[in-house]
Amino acid sequence: MKRRLLRLALVLFAVFLAVSARLPAETSAAARNDLDKRSVFIGIVQDSLGTIAATYRGDGETSLAALFRAAYEGLSKWAAKDESRAEFLKPLLDPPPSGPTDFLKRASELPDSPDFPWLAAADAAVDAAVRSLGDPFSHYFTLTEFRRLMGMLSKGMKDYYGLIPSRALDGSLYIAHIKFGSPAYYAALRTHDVITAVNGRKVEDIPRDELAKMFAPDAPAPLSLAVTRKDWPEPVVYRLEPMERRIPMVLSRMLPDGVGYVRATIFGKGMAGRVREALDDLSRRGAWRFILDLRNNPGGGANEALELCDTFLQGRKIVTIFKMFRGLMDTASPLLTRGDESPYEDVPLVCLVNHSSASASEMSSGALQDHHRATVIGTQTFGKGCAQVPFGVPASRGRRFLYLTISKYFLPSGRTIHKKGVTPDIVVKDIDPASDTWQFAVLENWSGTRRFVKRELARFPGSVREVVEDKRPVTALRSWRRFLARARKAFEGLDEHVLEVAARTALVSAWCSATRSMPPCDPADAVMKAAMERLRFECGDLSR
């Protein structure tokens, strides 16, 4: 079994290296010029669709005929947005090609115009083919988008805004993930929010490369996003100020009565080791039972999940079983922990999850649950039970990449979480980023926010004196609620979410500036309360 897993890993690694070896690390000026020519357009489409047909192992249709048909439809929609594009591509698009051979033959007969946006045309065709698979986890990336994905999984990567945009199957741009502690997180943006405009420009009017650079971490600047959400009558504009600090992969905090709290924000390189260091530090400070928080963790490397579970599981245990689709591998291959001794194999443990806990987070929490090693508390997880591998597109010369599903995995019990998620042992409604609990966290450090409240919120009707002058968090929170109620009444018809989030965003920003830190956890939220109660139930009195 072990040999089969090793053989599979070597095959996948060899495929990736073989493709990557054809891509130079840096693209010369001459090569960049070639990207705008017809031959490169044909090559990108042909290479991409061939790679999809050969390597994709999801449930979508991957015959070359179906992929070229989807590429044709995507290219047609892209051309229809501009009269000159439509006219130029008319010999290719009208009448529809009879198949892949006819498509490529007609494309080769188009004029080799240096002024035509060939690369953008290739993007439209390939992106449509990938979306036709119906797989939200397979993507076609520009170099900037691909670097962002890889950088997110590496240690020390700066992320100035803390959100990851992605293309939906219908072509719209949505927020796939929001990093804990980031400007997007404190602004109360949510996963699945749809971005309709960036810096005042409609998303559909922004070229793909330019749009990717707007979210890239190499040129931080204030970012204005028009966002819409289900049941909102119209988009709301959010302004995100870039954050100059790195978001740690692991945050820890000593809680009362010997409880150690560890939050993993992403399964990046070295994350499991940092969790172990945090556990060691908390143990030295007196912690003897622990809370592992995987809420809003989008996952990452399977190896990090394996090492994390190895810290808590006694002996050699199955963490997950990978199985290739379509008979590429006849038998499933288990991933096993090393079975090394650990001082944390028997400590009382609670694991927190929510709807944004995905992939490696679900693998870890599900394995701990199946082995009865931890009580899982929170809400149903995301439901991503498949694995992806990146492939370079040779004809693009290092500028375009495919990220395709190649396998699915199962938890130790044999259950799949794909499109289902992990069901917590104790279901507790997740904290809303815009809820009173976070306002309470702000008010606990009231000195850093008083000036803002007095200056910025005084324009609303009604006195805010009881808010700005009350230094006690509990009564200040009540005053804050009364203040918002008066503001909503005075501004009847204004979306109350807009009103509350606008005030709360500035309050939290002021709080973070005053403390120069971000809270690793909020002991007042309902999930944390449930975790503490569970530890009390398991261990009796929390005091030793």
Side-chain angles (χ1 to χ4, degrees), residues 1-20 45-71 100 126-141 146 149-150 153 166-169 176 267 298-303 305-306 318-335 358-360 362-363 366 382-394 400-412 414-421:
M1 198 70 77
K2 184 177 181 181
R3 289 181 179 177
R4 282 197 296 269
L5 178 62
L6 180 60
R7 187 164 57 250
L8 170 64
L10 290 174
V11 168
L12 292 175
F13 187 60
V15 170
F16 182 55
L17 287 182
V19 175
S20 301
V45 174
Q46 193 170 14
D47 287 350
S48 298
L49 273 54
T51 299
I52 296 170
T55 61
Y56 177 72
R57 294 294 180 269
D59 299 322
E61 174 59 58
T62 57
S63 69
L64 282 175
L67 292 172
F68 270 95
R69 186 163 55 249
V126 177
D127 195 53
V130 173
R131 284 190 277 111
S132 73
L133 299 172
D135 180 8
F137 308 115
S138 291
H139 298 283
Y140 172 68
F141 287 135
F146 183 70
L149 173 69
M150 294 296 104
L153 299 179
S166 183
R167 290 282 178 183
L169 297 178
F267 280 73
N303 286 338
L306 192 66
I318 295 176
V319 170
T320 188
I321 299 175
F322 273 91
K323 186 171 183 178
M324 305 298 292
F325 293 141
R326 296 184 180 172
L328 184 62
M329 188 173 68
D330 295 331
T331 57
S333 294
L335 290 180
S359 190
E362 297 173 288
M363 183 188 300
F382 186 83
K384 180 181 182 294
C386 56
Q388 290 72 40
V389 166
F391 298 91
V393 180
R400 295 295 184 267
F401 296 83
L402 291 164
Y403 193 63
L404 303 175
T405 294
I406 53 91
S407 67
K408 69 164 58 173
Y409 63 81
F410 300 83
L411 294 177
R415 58 182 169 140
T416 178
I417 59 166
H418 196 53
K419 299 181 180 179
K420 297 179 180 179

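No experiment lies behind these values; they were computed from the predicted model shown.
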Distance, nearest 0.5 Å, that separates CG of Asp47 from CZ of Phe391: 13.5 Å
Just verifying a value: how many Å separate Phe267 CZ and Leu306 CG, rounded to the nearest 0.5 Å? 11.0 Å
Can you give me the closest heavy-atom contact between Thr320 and Phe410, atom names plus distance? OG1-O, 2.7 Å
What are the two closest heavy atoms between Ala129 and Ser132, and how far apart are they? O-OG, 2.5 Å
In this structure, CD1 of Ile321 is separated from CG of Leu411 (nearest 0.5 Å) by 9.0 Å
Locate the shortest heavy-atom distance separating Ser138 from Leu404; write the atom from each residue and the value. OG-CA, 3.7 Å
Heavy atoms of Ala305 and Met363 approach each other most closely as CB-SD, 3.8 Å
Can you measure from NZ (Lys419) to NZ (Lys408) and round to the nearest 0.5 angstrom? 8.5 Å
Closest non-hydrogen atom pair, Cys386 against His418: SG-CE1, 3.5 Å
Starting at OG of Ser359, measure out to CZ of Phe382 and round the result to the nearest 0.5 Å. 10.0 Å
Would you say the side chain of Val45 lies within less than 4.5 Å of the side chain of Phe68, judging by non-hydrogen atoms? yes
Kindly determine whether Leu67 and Leu133 satisfy side-chain contact (heavy atoms from CB on, under 4.5 Å), including the steps that lead there. CA-CA 9 Å; Leu67 292 172; Leu133 299 172; 4.2 Å; yes
Mind checking the OG1-CG spacing from Thr62 to Leu49? Nearest 0.5 Å is all I need. 10.5 Å
Is any side-chain heavy atom of Ser166 closer than 4.5 Å to one of His139? yes
Kindly assign one of parallel, tilted or perpendicular to the pair Phe146 and Phe401, based on the angle between their ring planes and the thresholds 30° and 60°. parallel
Give the minimum heavy-atom separation between Lys384 and Tyr409, together with the two atoms involved. O-OH, 2.8 Å
I'd like to check Val126 versus Leu402 (side-chain heavy atoms, cut-off strictly below 4.5 Å). Are they in contact? yes
